[in-house]
A.B. asks: 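Below is a structure I'd like to ask you about.
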Amino acid sequence: MPTAIKDTKTSVSRDVMLRAFELMCTAKALTELYEQNKEVTAKYVHATSRGHEAVQIALGLQLKPQDYLSAYYRDDSILLGIGMKPYELMLQLLGKRDDPFSAGRTYYSHPSLRRDDMPKIPHQSSATGMQAIPTTGIALGL
């Protein structure tokens, strides 16, 4: 006879839910701002996380400083979820020297980050799907 699976409920605090909602609104506002200014943002072929905000923010809020993240070019919402500020994301979009990922030297949305209070993000190749190779190396190394 099969064993019954115990019904467990996971509750999420009101503060976390409000933070997630705030980040979803921020992601939406950034997307709209970028789309309204395509003459600037389109030259960088920026693609937002539109449609993926909820799952990306949920993931980003779970990551801890000891974790690694191999972000894809459409992962803006994850970056917001780990604590990146919209201003910092815009610095990279515009290729500014204060860009926290590469000081404006890499293509937009190719984040790399090593901050003590955030997950570590190794630099990624531009080819779609190339996150698998460095991520496999990280997993093997751990």
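Since this is a predicted model, take the numbers as computed values, not measurements.
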A.B. asks: Is there a chain of hydrophobic side chains (I, L, V, M, F, W, Y, each step under 4.5 Å between heavy atoms) that links Met24 to Leu59?
C.D. replies: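 Same cluster.
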A.B. asks: For the hydrophobic clusters of this structure (ILVMFWY residues joined by side-chain heavy atoms under 4.5 Å, transitively), does one cluster hold both Val55 and Met17?
C.D. replies: no
A.B. asks: Any sub-3.5 Å donor-acceptor pair from Glu32's side-chain atoms to Leu30's backbone N or O?
C.D. replies: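 No, Glu32 side chain to Leu30 backbone: no donor-acceptor pair under 3.5 Å.
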A.B. asks: Transitive ILVMFWY cluster of Ile138 at side-chain heavy atoms under 4.5 Å: who else is in it?
C.D. replies: Tyr68, Leu142
A.B. asks: Can you name the residues that form a side-chain hydrogen bond (donor to acceptor under 3.5 Å, both in side chains) with Glu88, not counting sequence neighbours?
C.D. replies: Arg115
A.B. asks: Can you see which heavy atom on Gly60 is nearest to which on Ile82, and at what distance?
C.D. replies: O-CG2, 3.7 Å
A.B. asks: Looking at CD of Gln56 and OG of Ser49, how far apart are the two atoms once the value is rounded to the nearest 0.5 Å?
C.D. replies: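 Spacing of CD (Gln56) from OG (Ser49) equals 4.5 Å.
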A.B. asks: Can you name the closest pair of heavy atoms from Met84 and Leu113 and give their distance?
C.D. replies: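 The answer is SD-CD2, 3.6 Å.
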A.B. asks: Once you round to the nearest 0.5 Å, how far does CD1 of Ile78 lie from CG of Leu23?
C.D. replies: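 It comes to 12.5 Å.
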A.B. asks: Between Lys120 and Pro65, is there a donor-acceptor pair closer than 3.5 Å when you use the side chain of the first and the backbone of the second?
C.D. replies: yes
A.B. asks: Check step by step if side-chain contact (heavy atoms from CB on, under 4.5 Å) holds for Met90 and Leu33.
C.D. replies: CA-CA 10 Å; Met90 287 185 202; Leu33 181 65; 3.5 Å; yes
A.B. asks: Ser112 and Pro122: which non-hydrogen atoms are nearest, and at how many Å?
C.D. replies: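 Looking at all heavy atoms of both residues, the shortest contact is CB-C, 4.1 Å.
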A.B. asks: If you take all heavy atoms of Gln92 and Pro111, which pair is closest and at what distance?
C.D. replies: NE2-N, 4.4 Å
A.B. asks: Please report the C-alpha distance between Phe21 and Thr26 in whole Å, then the side-chain angles of each, then the deciding distance to 0.1 Å, and finally whether the side-chain contact (heavy atoms from CB on, under 4.5 Å) criterion is met.
C.D. replies: CA-CA 9 Å; Phe21 181 73; Thr26 301; over 6 Å; no
A.B. asks: Please name the pair of heavy atoms, one in Lys85 and one in Leu80, separated by the smallest distance, quoted to 0.1 Å.
C.D. replies: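 What the structure gives for the nearest pair is C-CD2, 4.5 Å.
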A.B. asks: For the atom pair CZ (Arg74) and NE2 (His52), what is the distance rounded to the nearest 0.5 Å?
C.D. replies: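 Result: 4.5 Å between the selected atoms.
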A.B. asks: Work out which heavy atom in Leu61 is nearest to a heavy atom in Ala20; give both atom names and the distance.
C.D. replies: CD1-CB, 4.0 Å
A.B. asks: Hey, does the side chain of Gln131 reach the backbone of Leu69 with a donor-acceptor pair shorter than 3.5 angstrom?
C.D. replies: no
A.B. asks: Side chains of residues 93-102: which donor-acceptor partners sit under 3.5 Å, not counting sequence neighbours?
C.D. replies:
unit_1, atom_1, unit_2, atom_2, d
Asp99, OD1, Phe101, N, 2.8
Asp99, OD2, Ser102, N, 3.3
Asp99, OD2, Ser102, OG, 3.0
Asp99, OD2, Gly104, N, 3.0
Ser102, OG, Arg105, N, 3.1
Ser102, OG, Thr106, N, 3.0
Ser102, OG, Thr106, OG1, 2.9

A.B. asks: Does Ser13 reach the main-chain N or O of Val16 with its side chain, forming a donor-acceptor pair under 3.5 Å?
C.D. replies: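 Side chain of Ser13 to backbone of Val16: a pair is present.
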